[in-house]
Amino acid sequence: MFGRWFESKPDPLLEALFERASDGFLICGEDGKVLSCNPAAAHLIGDEATAVEGRHVSELFEQGPPGRFSLHSGSAMTRGRAAPGRPVDLHLTEYSGSNGAHVLARVRDASERADTQERLKQLANFDSLTGLPNRSLFRDRLAQAMARAKRQGRPMALMFLDLDRFKQVNDELGHEAGDRLLQHVGKTLTECLRAVDSVAREGGMPHTLSRLGGDEFTLIVENINGAEDAAHVASRVLEALGEPVQIGEEELVVTASIGISMYPIDDVDLDTLIRHTDMAMYRSKSHGRATYSFFSEDLSAAVTARVSLEGALRRAIERDEFVLHYQPKSDLRSGTINGVEALLRWHRPGHGLIPPDRFVGVLEDTGLILPVGAWVIRAACEQLAAWDRLGLPPLRLAVNLSARQFRHLYLASMIEDSLRQNGIDPQRLEIELTESLLMEDNEATRSMLESFRRLGVRMAIDDFGTGHSSLSYIRRFAIDTLKIDRSFVQSLPDNDEDTAICSAVIALGRNMKMCVVAEGVETAEQAQVLRELGCNEVQGYWISRPMPGADFAGWFVNYNRARTARKRSRSRYSDTSPITLFSLLD
Ligand code: C2E
Ligand code: MG
Ligand code: MG
């Protein structure tokens, strides 16, 4: 209100001008406090005039913290602090009149100017054809992403995408068709990346897609695990682009060549990283287009090998190339063989027999472990039933399960079916789990372990001591068996620390009424120490290497024959022979 400022004798004409002006006016004292506020200013600030008066001008506008608002003459574009906080132009003028020094603030609606500025910013940073970030914004985003990757220790991938034979489309169908195609590519890539991100693991894989000009697109993918993640995104992009598109009369199939570099694996500056990515893109062009390549030859080779391994594993399932080998377990006191562990092998044509460490990880990453794991359980149960029919004593069967298999909804019922179909008592099946799986104390794990318990199968912790050993899960999940990891057994009996670890695990197992199995026992001395420490069972080359199912019955008969003979003659065998077990037991 005008009167507040002009208390003594308000001039009616001035007052009318102040009250009805379309511009907002604030009259402030020397201290910056508002003495009078006209209706237009109150409207722009978004508050009642009476609520504005008495407050410091800096509290009313978004311009730094209160008190730091310059009260000298000048202009600034700012926003009202009150909702909806529209943009305003604020102009301050200092003056001194008959009743002292004052500051007059003129407030004008600046929405239109702000819109124009926004549009200019859009033009400066975005490509008008596709709406994607342009070269200048791309460089900013790349610099930020590189800094984040370094700081957080999570690699990022930079990809260059160049459409194959785009020039031909432009020349033959005209520029308008070319533009439509580029828009289509921008949209397809955006949708594809959104889909990729929605299935990415926790934290997502933030990405920036840009168009540098012409038919050149770039993609920054952050927070990735490694080259495989980048390869996965690149192949999804190629797949999405491969869908035919109708442009005018023509149906086109677009392909692209992609170059990939990884930062900070390739620890270079921004321009060098761009150059490397470009080089990788040209490598894809020279490899016959419609493909991706990494800048580093090593990465390219590793990813190619991995991709071909995945393909070969998919075919291996169809062609039945997996086999199971069985490794016996022996009771340390009596020397009897009371069980076997089923171990997966892959008969890869042209490569021989591949051990599981070389491919189980890939099976897990690709989800192929589900069908393969189901096959392992079925095949092992069938084998056990076949040994039963041959008249072997009722052996126990151990099977390894990966964490990934726990997300298999029907795992428990599948195990139940395999047991029933083969007439096997669930108590004879032991499921080997890793500590890391049990540490994943989530609903899915708990309910799966519950169903195992209800089924009546036994549960063992494999490689015990190598993960996060926690006693609480042993009790909570009623674990039956602990398998001491090979790494602790290897240096027995010379290494005091390992002896102490074995001794502690055995004591723990005994106190909690669990069976303790030592893995990787290779010598009589190791078995001797373990026996003295009170270990229940041993498994390792000292008893036997894993062998094909067909060989097991023969081995078992020979083993028992030798054992009986040994008992009769009480003669001594050499340490490297599996029969030394009996010399130890005598
Ligand atoms: P694991 O369950 O700890 O199996 C024991 C590994 O130690 C086996 O290797 C076995 O051949 C090896 N080994 C046994 N005795 C000795 C010994 O005296 N000395 C030495 N140096 N090694 C010995 P393998 O068969 O290569 O299996 C490696 C791992 O692959 C297994 O470790 C298991 O974690 C995994 N695996 C095997 N089969 C399957 C399967 O069917 N499913 C899943 N998910 N994983 C499997
Ligand atoms: Mg195992
Ligand atoms: Mg093990």
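The structure presented is a predicted model; accordingly, all values stated were derived computationally and were not measured. In each ligand, atom 1 is the first atom listed, and ligand 1 is the first ligand listed.
- Some N or O of Asp462 is nearer than 3.5 Å to an N or O of ligand 1, by distance alone.
- Put simply, the side chain of Phe464 does not reach to within 4.5 Å of the side chain of Val516, judged on heavy atoms.
- Side-chain contact between Tyr263 and Leu158: absent, with no pair of heavy atoms (C-beta onward) separated by less than 4.5 Å.
- Protein N, O or S atom count below 2.8 Å of the Mg ion (ligand 3): the structure gives 4.
- Atom numbering of ligand 1 starts at 1 in the shown order; those under 4.0 Å from a heavy atom of Glu432 are 2 (O).
- Val340 places none of its side-chain heavy atoms less than 4.5 Å from the side chain of Met547.
- Side-chain atoms of Arg428 come within 3.5 Å of backbone N or O of Leu395 as a donor-acceptor pair.
- At least one protein heavy atom sits closer than 4.0 Å to atom 3 (O) of ligand 1.
- For a threshold of 3.5 Å applied to N or O pairs, the pair formed by Gln539 and ligand 1 contains no separation below that value.
- No heavy atom of Lys483 sits closer than 4.0 Å to any atom of ligand 1.
- The N/O atoms of Leu343, backbone and side chain alike, include none that comes under 3.5 Å of an N/O atom in ligand 1.
- Protein heavy atom at the shortest distance from atom 24 (P) of ligand 1 is Pro356 CG, 3.6 Å.
- Proximity of a side-chain donor or acceptor of Asp164 to a complementary backbone N or O of Ala290 within less than 3.5 Å is detected.
- Annotation for Arg453: atom CZ counts as buried by contact number, over 12 foreign heavy atoms lying within 6.0 Å.
- In this structure, Pro546 counts as a contact residue of ligand 1, since one of its heavy atoms falls inside 4.0 Å of the ligand.
- Looking from atom 28 (C) of ligand 1 to the surrounding protein, the closest heavy atom is Asp357 OD1, 3.4 Å.
- Side-chain atoms of Thr336 and Asp331 form no donor-acceptor pair, as typed in the model, at a separation below 3.5 Å.
- Scanning the protein for heavy atoms near atom 44 (N) of ligand 1, the closest one is Ser402 OG, 2.8 Å.
- With rounding to the nearest 0.5 Å, the separation of NZ in Lys329 from CD in Glu430 is 5.0 Å.
- Here the CD1-CD1 distance, from Ile431 to Ile461, works out to 13.5 Å after rounding to the nearest 0.5 Å.
- If you look at Val399 next to ligand 1, there are no close heavy atoms at all, none under 4.0 Å.
- Given atom 45 (N) of ligand 1, the protein heavy atom at minimum distance is Asn400 CB, 3.7 Å.
- Looking at Glu341 and the Mg ion (ligand 2) together, the shortest N, O or S contact belongs to OE2.
- Annotation: side chain of Asp463 is not in contact with side chain of Glu432 (no heavy-atom distance under 4.5 Å).
- In terms of polar-atom proximity, Glu519 is counted as a contact of ligand 1, with an N or O under 3.5 Å from an N or O of the ligand.
- Heavy-atom contacts of Leu344 reach the following atoms of ligand 1: 37 (C), 38 (N), 39 (C), 40 (C), 41 (O) (cutoff under 4.0 Å).
- Distance from atom 20 (C) of ligand 1 to its nearest protein heavy atom, with residue and atom name: Glu522 OE2, 3.2 Å.
- Partner Leu401 forms a side-chain contact (heavy atoms from CB on, under 4.5 Å) with one of Ile369, Asp462, Ile377 and no other, that one being Ile377.
- Asp229 places none of its side-chain heavy atoms less than 4.5 Å from the side chain of Asn223.
- Closest to atom 14 (C) of ligand 1 by heavy atom, among Arg486, His325, Glu341, Gln327, is Gln327.
- The protein atom (non-hydrogen) at minimum distance from atom 16 (C) of ligand 1 is Tyr541 CE2, 3.2 Å.
- Glu243 and Thr188 share no side-chain donor-acceptor pair at under 3.5 Å.
- Proximity of a side-chain donor or acceptor of Gln405 to a complementary backbone N or O of Ser402 within less than 3.5 Å is detected.
- For ligand 1, the atoms closer than 4.0 angstrom to any heavy atom of Val376 are 41 (O).
- The aromatic rings of Tyr326 and Trp387 sit perpendicular to each other, their planes meeting at more than 60°, with 30° as the lower class boundary.
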